[in-house]
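Numbering starts at 1 and runs along the sequence shown.
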Amino acid sequence: MLRMGSYKMETNNKGEILEGVNGAADQEATATAQGTQDVNTSQETEKNAEKEKKKRSPISIVAEILIYAALIFICIYVVPEYVLQRTAVSGDSMEDTLHDGESMLVDKVSYLFHDPERYDIIVFYPLGKEVDDSEYYVKRVYGLPGETIQIKDNTIYINGKPIDDPYAKNAIDSEGIAKKPYKIKEGEFFVLGDNREVSLDSRKIRPEEVPEMTDYTEEELEECNAIEDSAPGPVKKKDIAGKVFFRIWPLSEFGGVK
């Protein structure tokens with residue numbers, strides 16, 4: 001009976017070993033099958049992708065081309081005209097803030113929502129955008145619509161009170177039409193260049209504007225050097241192109257502008 005019992009135990013031990021081997025074989029077979037299934041799935045996905053590419057209709061291709069063309073049009077024409085524009089400085093009337101040959105970015109959107117503020121640097125068309133939009137000036141805003149401005153003893157007065165003038169390169173050599181208190185019309189702005197000795201700005205007016213200066217005689221305007229053919233005079237808002245806010249060249253001066 002002991003032998004029979006030993007024989008059965010041996011048989012059971014072999015059975016267990018055989019069962020373990022069979023289990024490992026089953027797992028290997030399952031893994032192989034799963035791997036084959038994954039490969040097949042990947043190949044099927046690639047085939048479907050290839051089919052989708054081949055299925056693209058001419059209409060979808062044309063639509064894609066039109067989208068790219070629209071984006072190019074917006075970047076070339078719409079953005080410079082209505083959003084953002086690069087402007088080059090010509091001359092030295094804005095020294096020491098801006099210098100000849102420097103390139104600036106002009107924000108053309110902000111003034112659609114609010115008026116220019118004091119000390120803003122603006123780009124505008126001196127003869128009026130409708131008359132000549134090829135020539136532009138860069139100056140700084142000092143007087144706002146409805147205010148009274150006067151320049152006396154190298155000091156700028158707004159509504160009878162002196163204001164800070166931290167951007168001036170030099171003393172004001174000519175007061176122009178601001179020698180006497182000048183009431184700025186609604187929708188207009190009084191601008192000055194930072195380099196006052198050479199700047200052609202709102203202190204001077206064109207000959208055809210002389211009759212509007214009821215506080216002066218023509219002789220008085222000539223005496224204070226306030227008449228010049230290409231003078232901008234006070235600037236109308238509709239002739240303002242935008243606000244200078246960033247310098248992109250030279251790289252050594254790259255950054256915001258105040």
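- Summarising the local packing, NZ of K204 is surrounded by more than 12 heavy atoms from other residues, nucleotides or ligands at distances under 6.0 Å.
- With ring centers used as reference points, F124 lies 6.0 Å or more from F189.
- K237 NZ: more than 12 foreign heavy atoms inside a 6.0 Å radius.
- Considering all non-hydrogen atoms of both residues, I172 and N154 come closest at N-OD1, 2.6 Å.
- A donor-acceptor contact closer than 3.5 angstrom is absent between the side chains of T97 and K169.
- Side-chain rings of Y119 and Y167 approach one another, their centers coming within less than 6.0 Å.
- For the pair K139 and Y137, the cation-pi test (distance below 6.0 Å, angle within 45°) is passed.
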R140 vs D194, test: salt bridge (charged side-chain N to carboxylate O under 4.0 Å, His left out). Steps then yes/no.
CA-CA 7 Å; R140 191 183 298 277; D194 289 354; 2.8 Å; yes
Derivation and outcome, side chain to side chain donor-acceptor pair (under 3.5 Å), residues D201 and S199:
CA-CA 6 Å; D201 46 44; S199 177; 2.8 Å; yes
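- Between the side chain of N170 and the backbone N or O of R196 there is at least one donor-acceptor pair closer than 3.5 Å.
- Heavy-atom neighbours of D153 CG from other residues, nucleotides or ligands within 6.0 Å: at or below the threshold of 12.
- E102 approaches P250 most closely through the heavy-atom pair CG-CD, 3.6 Å.
- For the side chain to side chain contact (heavy atoms under 4.5 Å, CB included) with M104, the lone residue among V123, V138, L98 that qualifies is L98.
- The residues E147 and R118 are annotated as salt-bridged, a charged nitrogen and a carboxylate oxygen being separated by less than 4.0 angstrom.
- For the pair K152 and Y157, the distance from NZ or CZ to the six-membered ring centre is under 6.0 Å and the angle to the ring normal is within 45 degrees.
- Remark: the backbone N or O of M94 is not paired with any side-chain donor or acceptor of N195 at under 3.5 angstrom.
- Ion pairing between K185 and E212 holds under the 4.0 Å rule for side-chain N and carboxylate O.
- Remark: K180 engages E220 in a salt bridge, criterion side-chain N to carboxylate O under 4.0 Å.
- A 6.0 Å sphere centred on NZ of K183 holds no more than 12 heavy atoms belonging to other residues, nucleotides or ligands.
- When only modelled atom types and interatomic distance are considered, Y142 and D165 share a side-chain donor-acceptor pair under 3.5 Å.
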